[in-house]
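Heads up, the thing below is written out as structure tokens.
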Protein chains: 2
Amino acid sequence: MRMHNPPHPGEIIRELCLEPLGISMNEAARALGVSRKTLSAILNGRAGISPQMAVRLSIAFDTSAESWMNQQVQFDLWNAERQRKQLKVERLAAA
Amino acid sequence: MRMHNPPHPGEIIRELCLEPLGISMNEAARALGVSRKTLSAILNGRAGISPQMAVRLSIAFDTSAESWMNQQVQFDLWNAERQRKQLKVERLAAA
DNA sequence: GACTTGTGTCACGTGATGCGTTACATTCAT
DNA sequence: ATGAATGTAACGCATCACGTGACACAAGTC
């Protein structure tokens, strides 16, 4: 399941929140209460959604903070899973 | 919803994974491939579950990495939500 | 041409976090 | 008393979220 690279949440913000409302990155950054650089890093996938940012997004876009965090988790886990075979972990519970 | 402080995931590891199987922290740390200190910090709530740790847990205990991450998200969000009123965020989408 | 706006990116700093090792303490069982 | 299990502290390293200030490049407007 989930074979494809999930998009980083920044893409979703841009495509589902900013573009439909015709809001510029600068406007959004000001409204969210973060610097333009911080939002730019998120939108371009160079930073993730922190819990605090999830709350900010939930206020600004009247959504749930959980949904933003879940998207970030999907992204993070997809990357972490790729190292699964490199991790030296022993089973403790029988399958 | 979710009025009560959610437990940090370390408690769940201890109560649902280590104690039922009678596994010591040292054994578990060795099996997980991390230092005793790292696992201690998690079990005592002084560190969170990283994506990599979620994958380690999923291997050792034959569970899903997602479930561990979700518990961590619940815990992180509960703390972040408490700052909601301190954040200066403007609405961009009408309610 | 000059001026503004939007965007990407650079450097640098701060504080938090995940992980490691080493070391010291306590508790408990043999 | 010896050793195992655990909690915790110091120190280091790398990464990350966030900030400021600055530079560059588009596109539009006066």
Side-chain angles (χ1 to χ4, degrees), chain A residues 8-11 13-15 17-60 65 68-69 71-73 75-77 79-80 82-83 86-89 92, chain B residues 8-11 13-15 17-19 21-60 65 68-69 71-73 75-84 86-89 92:
Chain A
H8 47 257
E11 288 184 32
I13 298 177
R14 176 169 285 165
E15 293 167 13
C17 297
L18 301 191
E19 290 181 354
L21 294 170
I23 297 170
S24 76
M25 203 178 79
N26 286 357
E27 284 181 271
R30 190 179 41 72
L32 287 167
V34 298
S35 74
R36 186 175 67 84
K37 179 186 179 357
T38 296
L39 184 56
S40 168
I42 294 173
L43 294 186
N44 292 293
R46 300 198 324 276
I49 307 286
S50 66
Q52 190 186 91
M53 182 60 70
V55 173
R56 290 181 193 274
L57 291 169
S58 75
I59 298 173
W68 292 110
M69 289 301 287
Q71 290 186 3
Q72 185 63 47
V73 161
F75 185 76
D76 289 344
L77 269 188
N79 289 106
R82 297 191 305 181
Q83 305 169 9
Q86 277 71 53
L87 301 178
K88 298 171 213 150
V89 180
L92 287 173
Chain B
H8 46 255
E11 289 184 32
I13 298 176
R14 193 190 297 263
E15 294 167 13
C17 296
L18 300 191
E19 291 181 354
L21 294 171
I23 297 172
S24 79
M25 205 178 77
N26 286 356
E27 285 181 90
R30 190 179 40 73
L32 287 167
V34 298
S35 74
R36 185 176 68 86
K37 178 186 177 4
T38 295
L39 183 56
S40 168
I42 293 172
L43 293 186
N44 292 292
R46 300 198 323 277
I49 307 285
S50 66
Q52 190 187 91
M53 182 60 69
V55 173
R56 290 181 192 274
L57 291 168
S58 75
I59 299 173
W68 293 109
M69 289 301 286
Q71 291 186 2
Q72 184 63 46
V73 161
F75 185 76
D76 289 343
L77 269 187
W78 189 85
N79 288 105
E81 287 283 1
R82 298 191 304 179
Q83 305 170 9
R84 174 179 279 261
Q86 277 72 52
L87 301 178
K88 299 171 212 148
V89 181
L92 287 173

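On a predicted model such as this, the values are computed, not experimentally measured, just so you know. Below, read A as the first sequence line, B as the second, and so on, with proteins coming before strands; counting in each chain starts at 1. For the numbers below, each heavy atom of this structure counts, side chains included, while hydrogens, waters and symmetry mates do not.
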Q.
I'd like to know whether A/V55 forms a side-chain contact (heavy atoms from CB on, under 4.5 Å) with B/L77, so could you lay out the CA-CA distance, the side-chain angles of the two residues, the decisive distance to 0.1 Å, and finally the verdict.
A. CA-CA 8 Å; A/V55 173; B/L77 269 187; 4.3 Å; yes
Q: Apply side-chain contact (heavy atoms from CB on, under 4.5 Å) to B/R14 and B/N44, showing your working.
A: CA-CA 9 Å; B/R14 193 190 297 263; B/N44 292 292; 3.5 Å; yes
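When rounded to the nearest whole Å, the span between CG of A/L87 and C1' of C/dC19 equals 13 Å. Note: CD1 (A/I23) to P (C/dG6) measures 12 Å, nearest angstrom. Following rounding to the nearest Å, B/L39 (CG) and C/dG18 (P) show an atom-to-atom distance of 13 Å. If you take NE2 of A/H8 and P of D/dC16, they are 14 Å apart, rounded to a whole angstrom. Look at CG on A/D76: it is 13 Å from C1' on D/dA17, rounded to the nearest Å. Remark: P of D/dA17 and CD of B/Q83 are 16 Å apart, rounded to the nearest angstrom. As rounded to whole Å, 9 Å separates atom P of D/dG19 from atom CD1 of A/I42. For the pair B/L43 CG and C/dC19 P, the interatomic distance rounds to 12 Å; values are reported in whole Å.
Phosphate contact (OP1/OP2 of D/dC16, side-chain N/O of A/S50, threshold under 4.0 Å): absent. Taking only side-chain nitrogens and oxygens, B/S40 never comes nearer than 4.0 Å to OP1 or OP2 of D/dT8.
Looking at heavy-atom distances under 4.0 Å, A/S24 makes contact with sugar-phosphate atoms alone, never a base. Using a 4.0 Å heavy-atom distance criterion, B/S35 is classed as a base contact. Within the 4.0 angstrom heavy-atom criterion, no nucleotide atom of any strand lies near A/R56.
Mapped onto DNA chain C by nearest heavy atom, A/R36 and B/R46 fall at different nucleotides, with A/R36 at the one closer to the 5' end.
Among C/dG8, C/dG6, C/dG20, the nucleotide with an atom closest to any side-chain atom of A/N26 is C/dG6. Taking the side chain of B/Q52 as heavy atoms from C-beta on, and the options D/dT6, C/dC19, D/dC18, the nearest nucleotide is C/dC19. Comparing D/dG7, D/dA9, D/dG19 by their closest approach to the side chain of A/V34 singles out D/dG19. Considering only the side chain of B/K37, D/dA10 comes nearest among C/dC10, D/dA10, C/dT7.
In this structure, the separation between CE on A/M25 and NZ on A/K37 is 10.0 Å, given to the nearest 0.5 Å. Remark: A/I13 CD1 to A/L18 CG distance equals 7.0 Å, nearest 0.5 Å.
By the 4.0 Å N-to-carboxylate-O rule, B/E81 lies close enough to B/R84 to be salt-bridged with it.
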